Amino acid sequence: MEKREELYRGKAKSVFATDDPEHLVMLFRDDTSAFDGKKREQLERKGSVNNKFNAFVMEKLAVAGIPTHFVRLLDDRETLVKRLTMLPLECVVRNLAAGSLCRRYGIDEGRVLSPPTFEFFLKSDALGDPMVNEYHIHSLGWAEAWQVARMKELTFRINDILTPLFLAGGMVLVDYKLEFGLMNGALMLGDEVTPDGCRVWDRDTLEKLDKDRFRQDLGRVVESYELIGQRLGLRFD
Ligand code: TMP
Ligand code: ASP
């Protein structure tokens, strides 16, 4: 497998073509961004930590029967993935209230959402990822009805897999964001699962362990990402 040109440079990852049209290389950089790119910093070792963290979670999801783009780890910062046609939507599941949900509806952080709730956002930095509903998605052609149903099904199934995994490590999975894509007519997860894209709190102290440490200048961001991994059973050496 030979790595070729950079196809896409996101805020924290880059994607490269390979000599195989069906596979891409995903590079986890140290760049860290929040608030639609308004806050940006390099956090040493974050790329490597997230690459390993993501591979660990992808393997757990694969064992549980979730279709994902993950193929294998290539090196410290790179992972081989299937080439998908991405849908322009972000799927968010929330088990506890935090972030934009609290701001939007004026509710207290930490309120238990029973049942867990689901939101679609349009993936657009220029527009600030606005929340959209299923009627918008259908009328504007962002995804087909079966794709909407499948994204919701897979996002909730992932919640049923990850929530107990985090609880076993003494942590609460508060919320997370996932993106999906298509390959040969099949819809699959085409995103990373790392502390950059979810909220994780200590179950007892409610200490924030995820990217909110970066957003809120709480310090020890990468150390905390590693700690989450270790508490899930991941070894970084
Ligand atoms: P929010 O509270 O800002 O709407 O975010 C909900 C969760 O989804 C939180 O864990 C962060 C994650 N998320 C991203 O990682 N990227 C995004 O672009 C958005 C909108 C949310
Ligand atoms: N990852 C997104 C950004 O850069 C949103 C966020 O995490 O706040 O801006």
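As the structure lists them, so they are numbered: ligands from 1, and atoms in each ligand from 1. In this text the structure is predicted, and so the values were computed from the model without any measurement.
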### Message
Using the rule that Ile, Leu, Val, Met, Phe, Trp and Tyr join whenever any side-chain heavy atoms are under 4.5 Å apart, tell me whether Val92 and Ile137 fall into a single cluster.
### Response
no
### Task
With heavy atoms of Gly99 as the reference, note each atom of ligand 1 found under 4.0 Å away.
2 (O)
### Message
Measuring from non-hydrogen atoms of Arg94 to any atom of ligand 1, is the shortest distance under 4.0 Å?
### Response
yes
### Tyr225/Phe53 aromatic ring centres below 6.0 Å
no
### Message
Using a plain distance cutoff, I'd like to know if Arg103 has any nitrogen or oxygen under 3.5 Å from a nitrogen or oxygen of ligand 1.
### Response
no
### Message
Looking at non-hydrogen atoms alone, which of Arg104, Lys177, Lys123 comes nearest to atom 14 (C) of ligand 1?
### Response
Lys177
### Query
Considering only heavy atoms of Glu90, which atoms of ligand 1 have at least one such atom less than 4.0 Å away?
17 (C), 18 (O), 19 (C), 20 (C)
### Query
Distance-only, no hydrogens or angles: does the Arg4 side chain make a donor-acceptor pair with backbone N or O of Asp19 under 3.5 Å?
no
### Query
So with a 6.0 Å cut-off around CD of Glu22, is the heavy-atom count from everything else above 12?
no
### Message
Test side chain to side chain donor-acceptor pair (under 3.5 Å) on Arg94 and Ser100; report intermediate values, then the result.
### Response
CA-CA 11 Å; Arg94 302 177 188 270; Ser100 70; 3.0 Å; yes
### Query
Which atoms from ligand 1 have a heavy atom of Arg215 less than 4.0 Å away?
11 (C)
### Query
What's the verdict on side-chain contact (heavy atoms from CB on, under 4.5 Å) for Cys91 and Phe180, showing C-alpha distance, side-chain angles and the deciding distance?
CA-CA 8 Å; Cys91 302; Phe180 294 86; 3.8 Å; yes
### Query
Taking only heavy atoms of Asp196, which atoms of ligand 1 are found under 4.0 Å from at least one of them?
15 (O)
### Query
What part of Asp175 sits under 4.0 Å from ligand 1 if we count only heavy atoms: the side chain, the backbone, both or neither?
both
